[in-house]
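Along the sequence shown, residues carry numbers from 1.
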Amino acid sequence: MFRVHGLSVVFGLLACSVFFAGCGPNAESVDDAQNRIQELKDKGVPDSELSSAKVLLSQVEGAIRSGSTQNAGRLYDSAIVMISEAESLYAKRMEELAPRLKTMRAEIEEKAASLEGLHKEPVNQYFTSIDTLMEKQWLLQAHQQMQKLDSLVPSLLAQQEQAEELRPKARGVWARTDRDGNAVRKEKFIMNKDGTLTTTESKKGQSSEYLKEDWAFTSFGTWQLKGDTVYFLIEREKCNKQTFWNKKNGSWVKSTQPTYDSTITDGSKDRFVSWEYLKTNYRKR
């Protein structure tokens, strides 16, 4: 009788253990809950609305490690309720936000309709980013970007007005001549009325005790103004000559590099100069 009773107790304890192990959370269910939180975070839900659920899940993991199945289950249930509430709140916000984003876009497009060239580029870049976010249904982040763009448009309009005022003053031929040791360096910008650009740079003479130079480059492209900054967008660079002499053991050793005429497509030769710097350091012809 005693042996039968003992076996009954053992089987009863095993059944109880299996019951709680089956009903309590495990590592996989905690991972699933954490993934739901991460999805909400990726969609733009602020950490402040998710932090309590994250703390509870951390406590669940601790309870599982300590074997406190009942406590783990209670904490897990509370975390899941919080996550579900956050998901429901997010879904409600999306229903309200989608038409609002459509209205905001139309309003911004109307405000920015007169922007052109470099002043229009930031608007296009923002809209590209916003479209990507909306395709992912990350509407909260899309809304944040839309708000930033809306606040940027007045500044872009002011910059464009400033650029239009400076454009006639910037147009023309600007040049400067400098000395580098006994070498003469010349630079010239030709900014045409149609927006085309030609620049020339050259240097000739002994620039240091051990170096003589004789080189010249001509570049072609377009020029644009953004606010009070002049941008030179280079599409082609031509090396007319590049010869160097290095002094070695008291003698000048000549080195002639090949010339070239290259198309530039990656913007690597683009440059910019402020209007103040241009008029201070270059002479208009």
Side-chain angles (χ1 to χ4, degrees), residues 109 111-127 149 152-208 211-244 256-285:
E109 286 177 340
K111 294 176 185 176
S114 63
L115 292 175
E116 298 177 346
L118 296 178
H119 303 95
K120 183 74 171 180
E121 281 186 9
V123 177
N124 294 336
Q125 291 169 357
Y126 262 99
F127 277 143
L149 175 56
L152 178 62
V153 169
S155 173
L156 293 172
L157 289 168
Q159 288 180 12
Q160 180 162 282
E161 184 177 349
Q162 183 182 32
E164 289 303 319
E165 181 182 343
L166 292 178
R167 193 179 308 281
K169 302 175 183 178
R171 190 164 53 235
V173 180
W174 297 81
R176 66 181 291 177
T177 300
D178 300 301
R179 298 195 70 86
D180 182 9
N182 291 321
V184 176
R185 185 177 185 278
K186 296 182 178 180
E187 190 175 16
K188 183 168 64 176
F189 307 137
I190 304 172
M191 293 184 274
N192 299 309
K193 186 176 182 180
D194 63 358
T196 58
L197 168 76
T198 302
T199 73
T200 62
E201 295 180 71
S202 65
K203 190 175 185 180
K204 187 172 184 178
Q206 185 173 345
S207 52
S208 71
L211 177 64
K212 293 180 181 179
E213 303 175 68
D214 184 12
W215 51 260
F217 293 84
T218 305
S219 299
F220 307 91
T222 61
W223 67 279
Q224 295 188 43
L225 275 161
K226 183 179 180 183
D228 65 348
T229 303
V230 186
Y231 287 81
F232 302 138
L233 310 178
I234 305 303
E235 301 167 356
R236 176 186 165 203
E237 182 181 70
K238 182 179 180 182
C239 174
N240 304 305
K241 59 179 176 177
Q242 47 178 345
T243 303
F244 304 91
T256 301
Q257 303 298 321
T259 60
Y260 59 83
D261 191 343
S262 300
T263 299
I264 310 298
T265 59
D266 60 0
S268 59
K269 297 295 182 176
D270 293 351
R271 56 189 294 193
F272 61 89
V273 59
S274 71
W275 166 247
E276 191 65 31
Y277 185 87
L278 181 67
K279 69 178 184 179
T280 300
N281 294 279
Y282 293 81
R283 180 171 55 86
K284 188 174 184 181
R285 292 180 180 176

**Q.** Listed once per pair and sorted, the ring pair (Phe, Tyr, Trp, His ring centres under 6.0 Å) pairs that draw on residues 163-206, sequence neighbours left out
**A.** Trp174-Trp275, Phe189-Phe232, Phe189-Tyr282
For [X] and [Y], which heavy atoms make the closest approach, and how far apart are they?
| X | Y | answer |
| --- | --- | --- |
| Val184 | Thr177 | CG1-CG2, 3.6 Å |
| Thr218 | Asn240 | OG1-ND2, 3.1 Å |
| Leu156 | Lys226 | CD2-CE, 4.4 Å |
| Glu235 | Thr222 | OE2-CG2, 3.8 Å |
| Glu213 | Ser207 | OE2-OG, 2.7 Å |

Q) In chain order, what residues pass the side chain to side chain contact (heavy atoms under 4.5 Å, CB included) check against Tyr260, with sequence neighbours excluded? A) Phe217, Glu237, Cys239, Gln242, Ser262
Quick check: do [X] and [Y] have side-chain heavy atoms less than 4.5 Å from each other?
| X | Y | value |
| --- | --- | --- |
| Met191 | Leu278 | yes |
| Leu197 | Ile234 | yes |
| Thr199 | Lys188 | no |
| Pro122 | Gln159 | no |

Quick check for you: to the nearest 0.5 Å, what is the distance between [X] atom [atom1] and [Y] atom [atom2]?
| X | Y | atom1 | atom2 | answer |
| --- | --- | --- | --- | --- |
| Lys169 | Leu225 | NZ | CG | 11.5 Å |
| Arg236 | Thr265 | CZ | OG1 | 15.0 Å |
| Arg167 | Trp223 | CZ | CH2 | 5.5 Å |

I'd like to check the side chain to side chain donor-acceptor pair (under 3.5 Å) partners of [X]; sequence neighbours left out, ordered by chain and number.
| X | value |
| --- | --- |
| Lys241 | Asp214 |
| Glu201 | Arg185 |
| Asn281 | none |

Sub-3.5 Å donor-acceptor pair from the side chain of [X] to the main-chain atoms of [Y], do we have one?
| X | Y | result |
| --- | --- | --- |
| His119 | Ala158 | no |
| Lys284 | Arg171 | yes |
| Asp194 | Thr196 | yes |

With a 6.0 Å cut-off (strictly less than), is the heavy-atom count around [atom1] of [X], excluding the residue itself, greater than 12?
| X | atom1 | value |
| --- | --- | --- |
| Phe220 | CZ | yes |
| Lys269 | NZ | no |
| Lys120 | NZ | yes |

Q) Excluding sequence neighbours, so at least two apart, what forms salt bridge (Lys or Arg N to Asp or Glu O under 4.0 Å) with Asp228? A) none
Q) Are Glu187 and Arg271 close enough, and set up right, to give a salt bridge (charged side-chain N to carboxylate O under 4.0 Å, His left out), and what steps lead you there? A) CA-CA 14 Å; Glu187 190 175 16; Arg271 56 189 294 193; 3.0 Å; yes
